[in-house]
Number of protein chains: 2
Amino acid sequence: MINLSYATFQTEFNALVADEWSCLFDLNHEKLNLKNRNTATKKFQTIIESVFILSNSKGFQAMTMRDLSQQSGVSMGGLYKYFSNKTQIAAMIHGALVHMAEICLNNTETRDQDPIFELNELLARHIYLSERLKKWFYFVFMESKCLDKQLKEKIMASEQYMEATLLNRINAANDQGLSQCSNPDFVAAMLKVMLQEWYLKPWKYQQKNISADQYVANLLFSAYQLLGVKS
Amino acid sequence: MINLSYATFQTEFNALVADEWSCLFDLNHEKLNLKNRNTATKKFQTIIESVFILSNSKGFQAMTMRDLSQQSGVSMGGLYKYFSNKTQIAAMIHGALVHMAEICLNNTETRDQDPIFELNELLARHIYLSERLKKWFYFVFMESKCLDKQLKEKIMASEQYMEATLLNRINAANDQGLSQCSNPDFVAAMLKVMLQEWYLKPWKYQQKNISADQYVANLLFSAYQLLGVKS
DNA sequence: CAAAAACGAATGAATGTTCGCTTTTTTTGT
DNA sequence: ACAAAAAAAGCGAACATTCATTCGTTTTTG
């Protein structure tokens, strides 16, 4: 039915955005006057991974710069070569994630096909993206409060766009007689929540040894039931 | 099918725990040496409601005691009559919510009935409880990081108990031939997420003018589909 | 008039950020 | 090919600010 697995998605991802750390470099090196791409990319990785560890355990606001310095092994002064202040760390992470998500999710050359197929594709692609960038998605969900209004609105808008797209596909399927869904708005909202579950409770599925591919299979099966897809 | 509405739940709630502020008083007045129940209950309300407002907009960690003093209209020194330190505010809120949830959700005298009916009852009851204590549930979900391990484990345990109960009812329905659900674990997890959606994105349903009762109706309908309940 | 509740300036600890300095890397001139 | 010089990256103690918390006093309540 759908020929996309996490493995194939990953090669696609690598081709489109290379990796998250160089993306971070590309978006910020100018303002920060960072010259050497190679060393800066590595430093971004160690710093941001430390941010994820600390904000995961105590929250971004509770993380101090001393914590971050110790966890990353980079000195106080050294850190400030990679961001201009603490709140900008969160802004950089959010900005880079929005950038990467736009690249990966708008990459659906498959337009005007079977709406059910497109829905499957969208759901699968989102799970795979949030699997690849699990820490990033979790951070953005939990710490979106410490953003300025502009970025916050950009996040909200991209979320609503996602839900609207889901709803659009459901309605199209209904119109074409492929499904009979009596509450499309509710189902679209539920599908979105089922996508979020994957990155909000990663420990749960690690514990049960459930892979992204298995989760997608279950998700698509449930989507068929909620949509009332005719077999 | 199920004779429980938000209105009837509320009278039941009022009978069981009176209201959240006096619950807060009952659980904490001894350690804090609060004598006058009436004034203390009112103060708890103004203080904790202010905590919810501030932590909603900037997060609990970012909220300062000066913020809280200004928002609530209670002086710096006055605040400390109602908790011994900042982290204890979060602990008190969590403790009271767990207490209230235990009272309300274990109040299912209807045991060993039709498992489908019991599932309906549990789902509906949880939505109604989280509707009544929306702010509380949201706070606990977002700010559980600033708790000591003991309380955090208590929260985790009660969450897992909820999911286990859902799973249990699904399996029972399958065994009795009332449903045919091929992935009970996944469906239990999804139902739990659908419960969380109600208090994590309250603005969404306020905007669309969807009441708790309407949400429950949609939720139960979807549950039937996911379970494959035979009509 | 006691006892309880409320006040808010004062205190000390902790936090984000800076800056003069050292080390490492890159570029340049021969 | 190599050293000298310039540029970039890294360091951490010092600074000003902000925060949670306290305590002597005043106000309110029963």
Side-chain angles (χ1 to χ4, degrees), chain A residues 21-22 24-25 28-48 50-51 54-55 57-93 143 145-148, chain B residues 21-22 24-25 28-48 50-51 54-55 58-93 143 146-148:
Chain A
W21 319 114
S22 52
L24 223 33
F25 177 84
N28 298 287
H29 74 105
E30 237 172 21
K31 286 176 193 166
L32 294 169
N33 268 334
L34 295 170
K35 309 292 175 180
N36 188 322
R37 182 191 175 91
N38 201 21
T39 60
T41 299
K42 279 181 196 160
K43 267 280 155 60
F44 266 128
Q45 176 167 6
T46 64
I47 292 173
I48 301 300
S50 300
V51 170
L54 291 167
S55 63
S57 66
K58 48 162 65 181
F60 180 74
Q61 297 276 5
M63 173 192 84
T64 72
M65 299 310 280
R66 283 165 185 78
D67 290 336
L68 183 56
S69 171
Q70 191 162 32
Q71 175 77 39
S72 64
V74 179
S75 69
M76 211 89 276
L79 286 174
Y80 277 81
K81 290 270 158 87
Y82 293 89
F83 44 80
S84 38
N85 56 58
K86 191 183 171 186
T87 61
Q88 211 218 326
I89 302 176
M92 273 171 37
I93 293 174
E143 316 289 355
K145 293 211 171 112
C146 39
L147 292 175
D148 48 62
Chain B
W21 318 113
S22 52
L24 223 33
F25 176 84
N28 298 287
H29 74 104
E30 237 173 23
K31 287 177 193 166
L32 295 168
N33 267 334
L34 296 169
K35 308 292 175 182
N36 187 324
R37 182 191 176 91
N38 200 22
T39 60
T41 298
K42 279 180 194 160
K43 268 278 155 59
F44 266 128
Q45 175 166 9
T46 64
I47 291 172
I48 301 299
S50 300
V51 170
L54 291 167
S55 63
K58 48 162 65 181
F60 180 74
Q61 297 275 4
M63 172 193 84
T64 72
M65 300 309 281
R66 284 167 184 77
D67 291 336
L68 183 56
S69 171
Q70 192 162 30
Q71 176 76 39
S72 63
V74 179
S75 71
M76 211 89 275
L79 287 174
Y80 277 81
K81 288 269 159 85
Y82 292 90
F83 44 80
S84 39
N85 55 57
K86 190 183 171 187
T87 61
Q88 211 219 326
I89 302 176
M92 272 170 41
I93 293 174
E143 317 288 356
C146 39
L147 292 175
D148 48 64

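Order of the sequence lines fixes the chain letters, A, B, ..., with proteins taken first and strands second; residue numbering starts at 1 for each chain.
For B:Thr64, the side-chain contact (heavy atoms from CB on, under 4.5 Å) partners are B:Arg66, B:Asp67, not counting sequence neighbours. The side chain to side chain donor-acceptor pair (under 3.5 Å) search around A:Ser84 returns A:Gln88, not counting sequence neighbours. The side chain to side chain donor-acceptor pair (under 3.5 Å) search around A:Ser22 returns A:Asp19, not counting sequence neighbours. B:Thr87 is linked by a side chain to side chain donor-acceptor pair (under 3.5 Å) to B:Asn85, counting only residues two or more places apart in sequence or in another chain. Listed by chain and residue number, nothing satisfies the side chain to side chain donor-acceptor pair (under 3.5 Å) test with B:Glu143 (two or more places apart in sequence, or in another chain). Remark: B:Gln61 pairs with A:Gln61, A:Ala62, B:Cys146 by the side-chain contact (heavy atoms from CB on, under 4.5 Å) rule, at least two apart or across chains.
The distance from atom CZ of A:Arg37 to atom C1' of C:dT25 is 19 Å, rounded to the nearest whole Å. Computed from coordinates, the A:Asn38 CG to D:dA9 C1' distance equals 14 Å when rounded to whole Å. What separates CD of B:Gln88 from P of D:dT21 is a distance of 10 Å, to the nearest Å. As a whole-Å value, the separation of A:Leu79 CG from D:dG12 P is 11 Å. One interatomic measurement links the two molecules: NZ of B:Lys35 to P of C:dA6, which rounds to 14 Å at whole-angstrom precision. A:Asn85 has its CG atom 17 Å from the P atom of D:dT17, to the nearest Å. Remark: P of D:dG10 and CZ of A:Phe83 are 12 Å apart, rounded to the nearest angstrom. Following rounding to the nearest Å, B:Asn33 (CG) and C:dA5 (P) show an atom-to-atom distance of 9 Å.
The side-chain hydrogen bond (donor to acceptor under 3.5 Å, both in side chains) analysis of residues 28-42 of chain A, with sequence neighbours excluded, yields the pairs A:Asp26-A:Arg37. Note on residues 71-83 of chain B: no pairs pass side-chain hydrogen bond (donor to acceptor under 3.5 Å, both in side chains), not counting sequence neighbours.
Side chains of B:Leu34 and B:Phe44 form a contact here, defined as non-hydrogen atoms less than 4.5 Å apart.
For the pair B:Lys43 and B:Phe25, the cation-pi test (distance below 6.0 Å, angle within 45°) is failed.
Here the side chain of B:Ser69 pairs no donor or acceptor atom with the backbone of B:Met65 at under 3.5 angstrom.
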Can you give me the N/O atom pairs linking the protein to nucleotides 18-24 of chain C at distances under 3.5 Å, or say none if there are none?
none

| task | Scan nucleotides 24-30 of chain D nucleotide by nucleotide, 5' to 3', and note B when protein non-hydrogen atoms come under 4.0 Å of the base, S if they reach only the sugar-phosphate, - if neither. | result | ------S

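The shortest heavy-atom contact between A:Lys86 and A:Met63 is NZ-O, 2.7 Å.
The stretch residues 60-70 of chain B has no heavy atom under 4.0 angstrom from DNA chain C at all.
Distance from the side chain of B:Lys86 is smallest to D:dA20 among C:dG16, D:dC11, D:dA20.
Along DNA chain C, the nucleotide closest to A:Thr87 and the one closest to B:Lys43 are compared, and the more 5′ of them pairs with B:Lys43.
Axis orientation changes by 20° from one end of the helix from C:dC1-D:dG30 to C:dT30-D:dA1 to the other, with each end axis drawn from 5 pairs and the value rounded to 10°.
Note on A:Tyr82: only backbone sugar-phosphate atoms sit closer than 4.0 angstrom, heavy atoms only; bases stay farther off.
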